[in-house]
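Worth knowing before you read on, the calculation uses all heavy atoms, side chains too, and leaves out hydrogens, waters and symmetry mates.
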Amino acid sequence: MDDRTSAAEFWEARYAGTEHAWSGRVNRVLEAEAGRLDPGTAIDLGCGEGGDAVWLAAQGWQTTGVDLSPTAIARGRAAADAAGIPPGRLELIAADLADWMPVSAADLVTASFLQSWPVEIPRAAILRRATGFVAAGGGLLVTAHVAPPSWVDPETVADHPFASPEEDLAALELDRSAWEVELVERRERELTGPDGQAGTILDGIVLVRRR
């Protein structure tokens, strides 16, 4: 990979070079946390091929998903059509989160595994900007990889920045008089590796709510 490769170029090549990068299923943290809420408006930052955004729309959320890769966005639209999402319920946009702005604030803003290796993105700045996308009474849910999967030698990914939930919370730079912190925790889940091996991975979760 050329050192001058941009994140947009890297991720477009990543998606274009494979039939499907992800499972298409909603991630467990979003399913658990959003499943407790009455549907409203939602923004999915770094939506990839649309697994989370399509699920939100299927639950009745008026959803916007944003990702760098046009190929990923096209696959998300196809997934929405296959899932029978009503017209106008889900908008998927190819854009750079470093400068993208929503038309209006949302009841739920979610960023699931918004991590980019080996090409970095301004992740902390994106998450900080995302606080401005949350409507009064709404929540921001950040889910991240805290560590590599159990079958991966940590030394092989020593140059990958893994953020703890405490670090992600600090990156938001919240005015605590305007925000309530609901969750800052780690959750372990089981998953299957690329060679069929059973393993675990640790997710970091931050959920904050605008007062």
Report task. Step by step, work out the side chain to side chain contact (heavy atoms under 4.5 Å, CB included) result for R176 and V181. Result -> CA-CA 8 Å; R176 294 301 181 91; V181 178; 3.9 Å; yes

Name each donor-acceptor pair under 3.5 Å that joins a side chain in residues 196-210 to protein atoms two or more places apart or in another chain, with its distance.
{"unit_1": "Q197", "atom_1": "OE1", "unit_2": "D195", "atom_2": "N", "d": "2.8"}
{"unit_1": "D203", "atom_1": "OD1", "unit_2": "R189", "atom_2": "NE", "d": "3.3"}
{"unit_1": "D203", "atom_1": "OD1", "unit_2": "R189", "atom_2": "NH2", "d": "3.4"}
{"unit_1": "D203", "atom_1": "OD2", "unit_2": "R189", "atom_2": "NE", "d": "2.6"}
{"unit_1": "R209", "atom_1": "NE", "unit_2": "E182", "atom_2": "OE2", "d": "2.8"}
{"unit_1": "R209", "atom_1": "NH1", "unit_2": "G137", "atom_2": "O", "d": "3.1"}
{"unit_1": "R210", "atom_1": "NE", "unit_2": "V134", "atom_2": "O", "d": "2.9"}
{"unit_1": "R210", "atom_1": "NH2", "unit_2": "T131", "atom_2": "O", "d": "2.6"}

Query raised in the report: Among all residues two or more places apart in sequence or in another chain, which pass the salt bridge (charged side-chain N to carboxylate O under 4.0 Å, His left out) test with R123?
Result: D168

Requested in this report: Decide yes or no for P70 and E12: does some side-chain heavy atom of the first lie under 4.5 Å from some side-chain heavy atom of the second?
Outcome: yes

Query raised in the report: Sequence neighbours excluded, which residues qualify as ring-ring contact (aromatic ring centres under 6.0 Å, His included) partners of W117?
Result: H160, F162

Query raised in the report: Are more than 12 heavy atoms from other residues, nucleotides or ligands located less than 6.0 Å from atom CZ of R128?
Result: yes

Query raised in the report: Minimum heavy-atom separation for F10 to P118, with atom names?
Result: CZ-CD, 3.3 Å

Report summary line: Residues pairing under salt bridge (Lys or Arg N to Asp or Glu O under 4.0 Å) where one sits in residues 136-152, two or more places apart or in two chains, turn out to be none

Requested in this report: Would you mind listing every ring pair (Phe, Tyr, Trp, His ring centres under 6.0 Å) that reaches into residues 177-211, with sequence neighbours excluded?
Outcome: none

**Report entry** Shared hydrophobic cluster for L140 and L37 (ILVMFWY, side-chain gaps under 4.5 Å)
**Finding:** no

Query raised in the report: Shortest non-hydrogen contact from A163 to E167?
Result: CA-OE1, 3.4 Å

Report task. Can you sort out the partners of A105 under side-chain contact (heavy atoms from CB on, under 4.5 Å), two or more places apart, ordered by chain and number? Result -> A135

Query raised in the report: Could you walk me through whether T192 and W151 pass the side chain to side chain contact (heavy atoms under 4.5 Å, CB included) check?
Result: CA-CA 10 Å; T192 302; W151 61 80; over 6 Å; no

Report task. Write down the atom of L114, the atom of G46, and the distance for their closest heavy-atom approach. Result -> CD1-CA, 3.9 Å

Query - Spacing of L30 atom CG and S112 atom OG [to the nearest 0.5 Å] - result: 5.5 Å

Query raised in the report: Near E120 CD, under 6.0 Å, is it more than 12 heavy atoms from other residues, nucleotides or ligands?
Result: no

Query - Those residues that, when tested against E155, pass salt bridge (charged side-chain N to carboxylate O under 4.0 Å, His left out) (two or more places apart) - result: none

Report task. Drop me the distance from I121's CD1 to L68's CG, to the nearest 0.5 angstrom. Result -> 7.0 Å

Query - Pairs where residues 36-84 contributes a residue and the test ring pair (Phe, Tyr, Trp, His ring centres under 6.0 Å) is met, not counting sequence neighbours - result: none

Report summary line: Heavy-atom closest pair (L56 atom, A34 atom, distance to 0.1 Å) is CD2-CB, 4.1 Å

Query raised in the report: Would L108 and L183 show up in the same hydrophobic cluster when neighbours are defined by side-chain heavy atoms closer than 4.5 Å?
Result: yes

Requested in this report: May I ask you to test the I73-R77 pair for a side-chain heavy-atom distance under 4.5 Å?
Outcome: yes

Requested in this report: Determine, step by step, whether D44 and T110 satisfy the side-chain hydrogen bond (donor to acceptor under 3.5 Å, both in side chains) criterion, reporting the C-alpha distance in whole Å, the side-chain angles of both residues, the deciding distance to 0.1 Å, and the verdict.
Outcome: CA-CA 5 Å; D44 183 13; T110 180; 4.8 Å; no

Query raised in the report: salt bridge (Lys or Arg N to Asp or Glu O under 4.0 Å): which pairs involve residues 33-43, sequence neighbours left out?
Result: E33-R36, E33-R187

Query raised in the report: Hey, what do you get for CD (Q115) to OG1 (T143), rounding to the nearest 0.5 Å?
Result: 10.0 Å

Report task. List the atom of S104, the atom of I43, and the distance in Å for their closest heavy-atom pair. Result -> O-CD1, 4.2 Å

Report summary line: Sequence neighbours excluded, the answer for salt bridge (charged side-chain N to carboxylate O under 4.0 Å, His left out) partners of R186 is E166

Query - Close side-chain approach of V119 to S6, heavy-atom, < 4.5 Å - result: no

Query raised in the report: Are L141 and L127 connected in the hydrophobic side-chain network, where two residues link if heavy atoms are under 4.5 Å apart?
Result: no

Requested in this report: Measure across G65 and C47 and return the closest heavy-atom pair with its distance rounded to 0.1 Å.
Outcome: C-SG, 3.6 Å

Query raised in the report: About how many Å separate CG of D52 and OG1 of T63, when rounded to the nearest 0.5 Å?
Result: 10.0 Å

Output side-chain donor-acceptor pairs under 3.5 Å for residues 84-103, partner residues at least two apart or in another chain, one line each.
{"unit_1": "R89", "atom_1": "NH1", "unit_2": "A57", "atom_2": "O", "d": "2.8"}
{"unit_1": "D96", "atom_1": "OD1", "unit_2": "A98", "atom_2": "N", "d": "2.9"}

**Report entry** V142 with V184, same ILVMFWY side-chain cluster at under 4.5 Å
**Finding:** yes

Requested in this report: Using atom types as modelled and distance alone, determine if a side-chain donor or acceptor of D107 lies under 3.5 Å from a backbone N or O of T41.
Outcome: yes

Query raised in the report: Is there any salt bridge (Lys or Arg N to Asp or Glu O under 4.0 Å) pair reaching into residues 15-24, and which pairs are they, with sequence neighbours excluded?
Result: none

Query raised in the report: L45 and V109: side chain to side chain contact (heavy atoms under 4.5 Å, CB included), yes or no, with the steps?
Result: CA-CA 7 Å; L45 303 175; V109 178; 3.8 Å; yes

Report task. Examine V66 and Y15 and state if one hydrophobic cluster contains both, with Ile, Leu, Val, Met, Phe, Trp and Tyr joined whenever side-chain heavy atoms are less than 4.5 Å apart. Result -> no

